[in-house]
Amino acid sequence: QVQLVESGGGLVQAGGSLRLSCEASGRPVSLYAMAWFRQAPGKEREFVGVITRYIDNTHYADSMKGRFTISRDNAKNTVYLQMNSLKPEDTAVYFCAADPSRTTTAARMYDYWGQGTQVTVSS
């Protein structure tokens, strides 16, 4: 099975950019749909975006379109979330998740999760 570790979170000012990494071990990330979710305290876990296995099509939540980009580097076994034009409402813990057989926006459908990395956007 695959293990996932997020990194790259931190404190940024509104309008700034940040790139998160999701490093996988145990299995190649190319075999999985790789999604990003986020969760703020007291809020539901929210879909951010997903990259499909093999062909690397991407899909994003409406509020992320044009600002966030997911990419995959199979040689490094890593998936990235590039976040631009950050807003205070983007503040959350960001998680990556993997599924070997489907591409979905529903968190409950994903089999594997990282521990999350905190992103805080100040105004």
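Values below: every heavy atom of this structure, side chains too, minus hydrogens, waters and symmetry copies. Because the structure is a prediction, the values reported are computed rather than measured.
Residues satisfying the salt bridge (charged side-chain N to carboxylate O under 4.0 Å, His left out) test with Arg19, not counting sequence neighbours, are none. Partners of Gln13 according to the side-chain contact (heavy atoms from CB on, under 4.5 Å) rule, which considers only residues two or more places apart in sequence or in another chain, are Ser122. Residues passing the side-chain contact (heavy atoms from CB on, under 4.5 Å) test with Ser71, sequence neighbours excluded: Tyr80. Evaluation of the side chain to side chain donor-acceptor pair (under 3.5 Å) rule for Tyr94 yields Arg38 as partners, not counting sequence neighbours. When the salt bridge (charged side-chain N to carboxylate O under 4.0 Å, His left out) test is applied to Asp99, no partner is found at least two apart in sequence or on another chain. Asp56 pairs by the salt bridge (charged side-chain N to carboxylate O under 4.0 Å, His left out) definition with Arg72, not counting sequence neighbours. Partners of Lys87 according to the salt bridge (charged side-chain N to carboxylate O under 4.0 Å, His left out) rule, which considers only residues two or more places apart in sequence or in another chain, do not exist here. For the side chain to side chain donor-acceptor pair (under 3.5 Å) test, no residue two or more places apart in sequence or in another chain qualifies with Thr52.
For the pair Arg45 and Ala107, the tightest heavy-atom approach, listed with the atom from each and the gap, is CD-CB, 4.3 Å. Of all heavy-atom pairs spanning Asn74 and Ser30, the tightest one is OD1-CB, 3.6 Å. Counting all heavy atoms, side chain and backbone alike, Ser85 lies closest to Ser17 at N-OG, 4.4 Å. What you find for Ala14 and Ser123 is that their closest heavy atoms are CB-CA, 4.3 Å.
Thr104 places a side-chain N or O within 3.5 Å of a backbone atom of Ala106 that can act as its donor or acceptor partner. Listed for the Thr78 side chain is a donor-acceptor partner under 3.5 Å among the backbone atoms of Lys76. Within the 3.5 Å criterion, the main-chain N or O of Gly66 finds no donor-acceptor partner in the side chain of Asn84. Checking side-chain atoms of Thr103 against main-chain N and O of Ala33 turns up no donor-acceptor pair under 3.5 Å.
Taking a 4.5 Å side-chain heavy-atom cut-off between Ile, Leu, Val, Met, Phe, Trp and Tyr, the cluster of Val93 extends to Phe37, Phe47, Val50, Phe95, Tyr110, Trp113.
One distance of note links OG1 of Thr91 with CD of Gln118; it measures 7.5 Å at 0.5 Å rounding.
Trp36 has its side chain within reach of Glu6: a pair of non-hydrogen atoms, C-beta onward, lies under 4.5 Å apart. Looking only at side-chain heavy atoms (C-beta outward), Glu46 and Ser63 come within less than 4.5 Å of each other. Counting heavy atoms from C-beta outward, His59 and Thr105 have side chains that approach closer than 4.5 Å. Under the 4.5 Å side-chain criterion, counting only non-hydrogen atoms from C-beta, Asp90 is not in contact with Val119. Side-chain contact check for Ile51 versus Met34: some heavy-atom pair is nearer than 4.5 Å. Looking at Thr117 and Ser7, their side chains never come closer than 4.5 Å, going by heavy atoms from C-beta outward. Using a 4.5 Å cut-off on side-chain heavy atoms (C-beta onward), Tyr112 and Gln1 make contact. Side-chain contact between Leu4 and Val2 is present, with heavy atoms from C-beta onward closer than 4.5 Å.
Listed by first and then second residue, the salt bridge (Lys or Arg N to Asp or Glu O under 4.0 Å) pairs that reach into residues 102-123 come to none, sequence neighbours excluded. Under the disulfide (SG to SG under 2.5 Å) criterion, the residue pairs touching residues 6-117 are Cys22-Cys96, with sequence neighbours excluded. The disulfide (SG to SG under 2.5 Å) pairs that include a residue from residues 33-77 number zero, where partners must be two or more places apart or lie in different chains.
Annotation: Gln3, atom CD; neighbour count of heavy atoms from other residues, nucleotides and ligands within 6.0 Å is above 12.
Cluster membership check: Val48 does not share its hydrophobic cluster with Val5, using side-chain heavy-atom separations under 4.5 Å among Ile, Leu, Val, Met, Phe, Trp and Tyr. Cluster annotation: Met83 is not connected to Leu11 through the hydrophobic network of ILVMFWY side chains, with a link wherever side-chain heavy atoms come within less than 4.5 Å.
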